[in-house]
Amino acid sequence: MFKCLLCVVIAFLPVECWYSGESCFAGDRAGSCKRLSNCPSLVREIKNAGNPMPNYIRKKLQNLGCGFDNDEPLICCSSYSNVDESEQQDQSYNNPNPWSSRPVDQTGANGNKNPNPINFSHNVGAEEDNNKRGNDDNESSNPAPNILYHRNLDLLPNDCGPIEGERVFGGNRTRLFEMPWMVLLSYDSARGIRLSCGGTLITQWYVLTAAHCVSFLGSKLKLREVILGEYDTRKDPDCERNEGEQFCAPNVRNVRIDSVLPHPGYTPKTLRDDIGLIRLAEPADFSLDSMKPICLPKTPEILSQKLEGLRGVVAGWGATEDGLQSPVLLSVDLPIISNTECQNIYNGSPEIYDTQLCAGGVPDKDSCGGDSGGPLLYPGKNKGVGVRYIQRGIVSYGSKRCGVGGYPGVYTRVVNYMDWILDNISD
């Protein structure tokens, strides 16, 4: 009978990029990702619930899923201490997390991705905070930071974010050299090198990414290096034919990491302050067409600009509609919505903070697994060089099934962290 139940369970578990034994969170409890059959309390609850499986059990398994080991699902099994097993079926799962931060395994471990319906009614467990979103209209109620006289402002290059020709929106393959600020993060894992998470070059020495890409990684995942100048992960060098002539990029550069700084406010429980910096061990070469910095918001006009109603651009090597990770850098245009509208869509779970913004809600268009740490871009006028791409957000988290119509993704709002970024970079 349990084998039959497992078959039902498999159909409802999402596939995340975890490996057996990695740390995870089940609601607000720490746990480890393991085979369902190795989590006695959950097996007992499934058996006691009877057959057919009740809907509340399906929802619980859906929100605890963290991948597959061959054909058997992996779930986040909570660690309990001084609690009798009979008490493990308490209300600790009443607030399961239907959200997923978005690194995805480039090696193909997620090749059997099985998207499932998602439940958006549960509370993500965010703590009460004075900065959470209220009923204000439009942009963040927090004032833009005053960085005009910051000692490190000149470290941000003005010649940044070039817009190459006319681009076509809608989940499209980018062109070679179109987004030369994009980088990939490389990790050591139990299954070898793993490419997961993106980031952006903001100076020759620094990459901007999400905090969850560089912290709380678990014992079996270690940040290895940053890959610069990447476009198509299947080839090196990358080449493209245009009007009968072939153009090739320089070889990609795998650069060691000097230091990593996640924002100290980030935790997997609240999901806020999801921003981090990586200092490279050697500088990027901005003389190459394949390596250029992205612009950050720094003029008064851009720092105070309202983004709601505009269409931003998200780029990354994340999962596509067929469930596989794209080897080629893709981009998609997404509508940016107000925090109030975003909060209303989710009825307060998760909590949307002023330091976040929401974009998407368009069927089959979304940032997705593997896009974590990558940019949400919208053009603006940069001092002395005209209109350029400016990074407005960082891919943070979203629904476990990407591209669900009506449900936007959540991004770290870069403008609110400009003082933190400037405080923590150097030449």
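Remember, it's a predicted structure, so these values are computed and weren't measured experimentally. Index from 1, following the sequence.
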In residues 254-264, what donor-acceptor pairs under 3.5 Å come from side-chain atoms, sequence neighbours left out?
unit_1	atom_1	unit_2	atom_2	d
N254	ND2	E225	OE2	2.9
H263	ND1	G265	N	2.9

(message) Do V314 and L377 have side chains that approach each other closer than 4.5 Å (heavy atoms only, starting at C-beta)?
(response) no
(request) Let me see the working for N339 and Y353 under side-chain hydrogen bond (donor to acceptor under 3.5 Å, both in side chains), right down to the final yes or no. (result) CA-CA 8 Å; N339 283 25; Y353 297 93; over 6 Å; no
(message) Please enumerate all residues that pass side chain to side chain donor-acceptor pair (under 3.5 Å) together with T200, with sequence neighbours excluded.
(response) Q391
(request) Hey, could you give me the SG/CG distance between C239 and N242, rounded to the nearest 0.5 Å? (result) 13.0 Å
(message) Which residues pass the side chain to side chain donor-acceptor pair (under 3.5 Å) test with D232, not counting sequence neighbours?
(response) R234
(request) May I ask you to test the N416-V414 pair for a side-chain heavy-atom distance under 4.5 Å? (result) no
(request) Return the set of residues passing side chain to side chain contact (heavy atoms under 4.5 Å, CB included) with P180 (not counting sequence neighbours), or none when no residue passes. (result) K292
(request) Please identify each residue that fulfils salt bridge (Lys or Arg N to Asp or Glu O under 4.0 Å) with D289, with sequence neighbours left out. (result) none
(request) For R241, enumerate each residue passing the salt bridge (Lys or Arg N to Asp or Glu O under 4.0 Å) test, keeping only those at least two apart in sequence or located in another chain. (result) none
(request) Could you pull out all residues at least two apart from E282 that satisfy salt bridge (Lys or Arg N to Asp or Glu O under 4.0 Å)? (result) R253
(message) When you compare the side chains of R279 and N424, does any donor N or O come within less than 3.5 Å of an acceptor on the partner?
(response) no
(request) Supply the atom-to-atom distance M291 CE to L228 CG, rounded to the nearest 0.5 angstrom. (result) 5.0 Å
(request) Tell me, please, which residues at least two apart from D188 pass salt bridge (Lys or Arg N to Asp or Glu O under 4.0 Å). (result) R224
(request) Measure the shortest side-chain to side-chain distance between L156 and T203 over non-hydrogen atoms and say whether it is less than 4.5 angstrom. (result) yes
(message) Is it true that, when you exclude K235 itself, more than 12 heavy atoms of the residues, nucleotides or ligands shown sit nearer than 6.0 Å to its NZ?
(response) yes
(message) Applying side chain to side chain contact (heavy atoms under 4.5 Å, CB included), can you list everything that pairs with P283, at least two apart in sequence or on another chain?
(response) Q204, W205
(message) Rounded to the nearest 0.5 Å, what separates atom CG in L357 from atom CD1 in I394?
(response) 10.0 Å
(request) Using the ring of Y378 (Phe, Tyr or Trp, six-membered ring only), decide whether R392 places NZ or CZ under 6.0 Å from its centre and within 45 degrees of its axis. (result) no
(request) Report yes if some heavy atom in the side chain of I275 is under 4.5 Å from a heavy atom in the side chain of L208; otherwise report no. (result) yes
(message) For the backbone of L176 and the side chain of E240, can you confirm whether one donor and one acceptor N or O come within less than 3.5 Å of each other?
(response) yes
(request) Could I get the full list of side chain to side chain donor-acceptor pair (under 3.5 Å) partners for N158, not counting sequence neighbours? (result) K298
(message) Once rounded to the nearest 0.5 Å, what's the spacing between atom CG of D419 and atom CG of L153?
(response) 12.0 Å
(message) Side chains of P379 and I163, heavy atoms from C-beta outward: is any pair under 4.5 Å?
(response) yes
(request) Working to the nearest 0.5 Å, report the span between CD of E230 and OG of S186. (result) 11.0 Å
(request) Compare all side-chain heavy atoms of E351 with those of Q343 and state whether any distance is below 4.5 angstrom. (result) yes
(message) Using the side chain to side chain contact (heavy atoms under 4.5 Å, CB included) criterion, which residues pair with D427? Sequence neighbours excluded.
(response) L155
(request) Using only heavy-atom distances, determine whether the side chains of S396 and H212 contain a donor-acceptor pair under 3.5 Å. (result) no
(message) Within the 3.5 Å criterion, strictly below it, is a donor on D274 or Y411 matched to an acceptor on the partner's side chain?
(response) no
(request) Output the distance between atom CG (D354) and atom CD (Q356), rounded to the nearest 0.5 Å. (result) 9.5 Å
(message) Can you list everything that forms a side chain to side chain donor-acceptor pair (under 3.5 Å) with N152? Sequence neighbours excluded, please.
(response) none
(message) Just by distance, no angles: are the side chains of S426 and Y206 close enough, under 3.5 Å, to form a donor-acceptor pair?
(response) yes
